[in-house]
Amino acid sequence: MAETRVMKEKEPELTEAQIAVHWREEQYYYPSSKFIGQANLTDPAVMERFGEKNFPECFREYGDLLSWDQYWHTTLDTSDAPFWQWFVGGKLNVSYNCVDRHLEKHKNKAAFIFVSEMEDEPPVSITYQELYYRVNETAAMLRDYCGLKTGDRVTIHMPVVPELPITMLACARLGLVHSVVFGGFSGEACGMRAADSGSKVLVTIDGYYRGGNMTDHKEKADLAVATAAKEGTKVEKVLVWRREAKKYHSAKPMVAGRDFFVDEILKKYAGQIVAPVSMPSEAPLFLMYTSGTTGRPKGCQHGTGGYLSYVAGTTKFIQDLQPEDVYWCMADIGWITGHSYIVYGPLTLAATSVLFEGVPNYPDAGRPWRVAKRLNVNIFHTSPTAIRMLRKAGPDEPAKYDYHFKHMTTVGEPIEPEVWKWYYEVVGKGEAVIVDTWWQTETGGFMCSTKPGIDPMKPGSAGPPLPGIYPAIYDEEGKEVKPGSGKAGNICIRNPWPGMFQTIYGDRDRFVRQYYQKYNRDKNSKKWQDWPYFAGDGAVQAPDGYIRILGRVDDVINVAGHRLGTKEIESVCLTVNEIAEAAVVPVADEVKGRVPEVYVALKPGVASDGIEKKVIDAIETQIGKIARPKKVHVVPDMPKTRSGKIMRRVLAAISNSLDTGDVTTLANPDIVEQIRVMVQGDKKVVLKEAPEDLKHFGDER
Ligand code: WTA
């Protein structure tokens with residue numbers, strides 16, 4: 001009956017979200033019997049076990065991977081919807097779960113193996129026993145030297161070196177909330193985040209190796225402290241780790257009474273043990289700042305019990321991490337991938353996790369494969385950008401090294417089927433399964449991926465939802481777009497899950513507005529069914545239920561797998577005196593996926609000399625090199641609607657050689673052709689096949 005009713009319904013007019021998507025569905029690739037024979041998860045009944053009728057109790061299975069000081073009484077509390085609370089009543093400590101509890105069986109096992117970018121520096125293994133001492137001593141310093149108390153925030157601005165996870169775990173031991181800022185971000189960006197979180201302590205390092213050079217990192221700390229002060233937050237102490245013992249790799253002097261070398265302070269705390277503070281499951285564990293649609297980056301606040309159980313469960317079942325494995329995730333710990341899948345997930349399971357300081361192609365594109373061989377890595381995890389880069393720079397390199405992966409992960413951006421196949425055949429040597437994991441800073445852990453021992457893989461497709469995750473693709477009106485319809489829509493998750501972030505730090509309203517308002521059915525409802533989570537990605541579902549992510553539907557640009565807000569970059573451009581208006585659009589890039597391109601219009605009467613450099617400098621100092629635009633176009637005027645709105649869609653079309661569509665209704669239609677000629681030259685090029693996110697960038701939604 002229901003079927004016929006649906007069929008009789010008149011097909012609604014196509015809305016903007018219902019983009020027709022035409023691509024060839026790829027063939028399935030099947031996991032080998034060798035992989036399946038050893039996999040952690042092979043029982044297809046898992047989907048039923050985690051099905052809606054067993055929700056939320058199904059997630060006990062994840063919670064039970066942890067050691068609780070006090071077991072929870074309520075698995076999911078929805079009374080403060082949509083601020084979901086997981087494992088309520090439970091108490092635990094994250095550093096205890098990641099370190100102490102492994103000492104009995106694994107104290108002599110490497111928790112981390114640190115690989116310096118300098119190839120002549122031998123890798124350093126840190127056993128669980130050694131990690132235990134280092135975390136305790138660092139915790140003693142944070143508590144007794146810095147006077148930090150449970151609930152205080154600590155900003156950490158560091159590259160991938162062992163001292164970064166050690167500091168994170170030391171914070172967790174005391175119930176301090178860490179806020180790790182990606183090392184590549186500028187001092188100002190770090191200072192803004194330190195101010196937003198109200199951090200009195202900044203932990204940093206003197207320098208580190210990047211592309212073969214020692215970079216001066218401490219200089220960023222000085223800028224960060226100055227920026228935070230302007231924002232009204234006094235950073236009282238700056239703790240400076242040293243990349244190399246007894247050396248100091250910064251041109252900037254240590255500020256007396258403010259800056260301290262960690263190694264010198266730690267002498268006082270040598271061998272000290274700090275009791276782990278038993279934290280409520282719902283206590284915040286960390287903040288991770290990320291770009292959203294408007295304004296400043298927002299601090300995504302993750303909790304303790306829910307987050308840790310979710311990353312433990314997904315590391316076990318999707319990463320297939322097992323005690324004998326050597327696991328290498330090449331991401332930076334300064335992003336959510338590093339938090340969940342270099343540090344917290346692997347350590348909760350007592351794994352060996354490789355920490356790599358460097359860039360993948362230094363000194364050459366064979367480096368990752370030499371590391372893999374030497375350390376006997378068998379699980380490898382990276383981004384499409386890194387894969388594209390390695391494929392371009394050294395397509396034949398993997399074959400030269402005798403390493404063998406059983407499992408590989410890709411994360412952070414859509415991966416083109418050709419790139420996927422190179423990853424599979426050349427990097428994985430046809431032996432490794434691939435999981436294409438779709439998720440976000442906000443989601444804490446994977447949302448969509450194949451289950452590696454159960455589901456076949458399909459290049460370019462993230463695959464089905466994870467156990468216990470119930471997605472839906474909605475059109476703009478909140479109507480479900482049917483799988484196999486060939487139409488795209490906005491991907492939402494209908495239910496809460498334990499890894500979901502708790503709130504935007506200090507901004508509950510923005511949390512509700514940004515993630516729930518769009519599809520909420522009743523704002524007073526306490527039922528989770530009324531609160532689908534809006535992820536901000538376009539997606540399409542094939543008839544087999546596999547989900548393909550098309551990219552952001554908002555103003556966020558995914559640069560090399562890193563999220564940047566176009567509005568953020570635009571407001572930086574406006575700090576350049578001569579600039580009257582700025583518009584930032586994504587442009588396709590062969591290696592990085594998307595990169596920003598900047599359009600600026602100048603104030604009347606000012607000269608355009610040197611503007612490009614000024615804009616680039618402003619972006620690099622206020623955000624960081626990752627936001628560096630591909631080009632800066634100084635235009636006579638912006639294409640605008642009659643109401644004065646800048647048509648970013650038209651600029652994105654020009655930058656990407658796409659059809660600009662009908663521009664006759666604009667206030668200044670002639671400017672479009674003028675800009676097009678400036679950017680593309682006289683010969684008009686229009687590409688037919690356009691990625692969905694670029695075609696629709698800047699649409700009103
Ligand atoms: C994108 C990174 C396609 C997506 C973990 C999302 C992906 C944003 C994939 C989150 C994937 C992540 N396929 N796109 N497998 N994984 N994305 O917060 O647009 O840095 O919204 O988290 O990256 O980026 P974030």
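All ligand and atom numbering here is 1-based and tracks the order in the structure.
Contacts between Glu413 and ligand 1 below 4.0 angstrom, taking non-hydrogen atoms only, involve the backbone exclusively. The side chain of Asn558, and not its backbone, has at least one atom closer than 4.0 Å to an atom of ligand 1 (non-hydrogen atoms only; side chain from C-beta on). Under 4.0 angstrom from ligand 1, there are no non-hydrogen atoms of Ile415.
With respect to atom 19 (O) of ligand 1, the closest heavy atom belonging to the protein is Asp537 OD1, 2.7 Å. Shortest contact from atom 5 (C) of ligand 1 to any protein heavy atom: Trp439 CE2, 3.5 Å. Looking only at protein heavy atoms, the nearest one to atom 18 (O) of ligand 1 is Thr441 OG1, 2.5 Å. Considering only non-hydrogen protein atoms, atom 24 (O) of ligand 1 sits nearest to Arg563 CD, 3.1 Å.
Annotation: side chain to side chain donor-acceptor pair (under 3.5 Å) contacts of Glu620 (sequence neighbours excluded): Arg628. Every ring pair (Phe, Tyr, Trp, His ring centres under 6.0 Å) that Phe356 has, sequence neighbours left out, goes to Trp328.
Side-chain rings of Tyr208 and His217 approach one another, their centers coming within less than 6.0 Å. You'll find the ring centres of Phe50 and Phe59 inside the 6.0 Å limit. If you look at Tyr533 and Trp84, their ring centroids are not closer than 6.0 Å. Phe501 has its ring centre no less than 6.0 Å from the ring centre of Tyr307. Checked against the 6.0 Å centroid threshold, Tyr341 and Tyr327 do not count as a close aromatic pair.
Backbone and side-chain nitrogen or oxygen atoms of Asp436 are examined, and one is located within less than 3.5 angstrom of a nitrogen or oxygen of ligand 1. For ligand 1, none of its N or O atoms has an N or O atom of Thr410 under 3.5 Å away. The shortest N or O to N or O distance between Glu442 and ligand 1 is not below 3.5 Å. Residue Thr337 has no nitrogen or oxygen atom sitting less than 3.5 Å from a nitrogen or oxygen atom of ligand 1, judged on distance alone.
Heavy-atom separations between Pro414 and ligand 1 include at least one value shorter than 4.0 Å. Put simply, no part of Trp335 is less than 4.0 Å from ligand 1, judged by heavy atoms.
With respect to Arg648 and Glu570, a salt bridge is recorded, a charged nitrogen being found less than 4.0 Å from a carboxylate O. The pair Arg594-Asp693 meets the salt-bridge criterion, with a side-chain N (NZ, NE, NH1 or NH2) lying under 4.0 Å from an Asp/Glu carboxylate O.
Annotation for Lys592: atom NZ does not count as buried by contact number, only 12 or fewer foreign heavy atoms lying within 6.0 Å.
Those atoms of ligand 1 that come under 4.0 Å of a heavy atom in Ile549, given as number and element, are 3 (C), 14 (N). Counting the atoms of ligand 1 from 1 in the order shown, those under 4.0 Å from a heavy atom of Ile336 are 5 (C), 22 (O). In summary, the atoms of ligand 1 found under 4.0 Å from a heavy atom of Arg552, numbered by their order in the structure, are 19 (O), 21 (O).
Scanning Gly536, Gly412, Ser340 for the heavy atom closest to atom 9 (C) of ligand 1 points to Gly412.
Classified by interplanar angle (parallel below 30°, tilted 30° to 60°, perpendicular above 60°), the ring pair Phe446/Trp439 is perpendicular.
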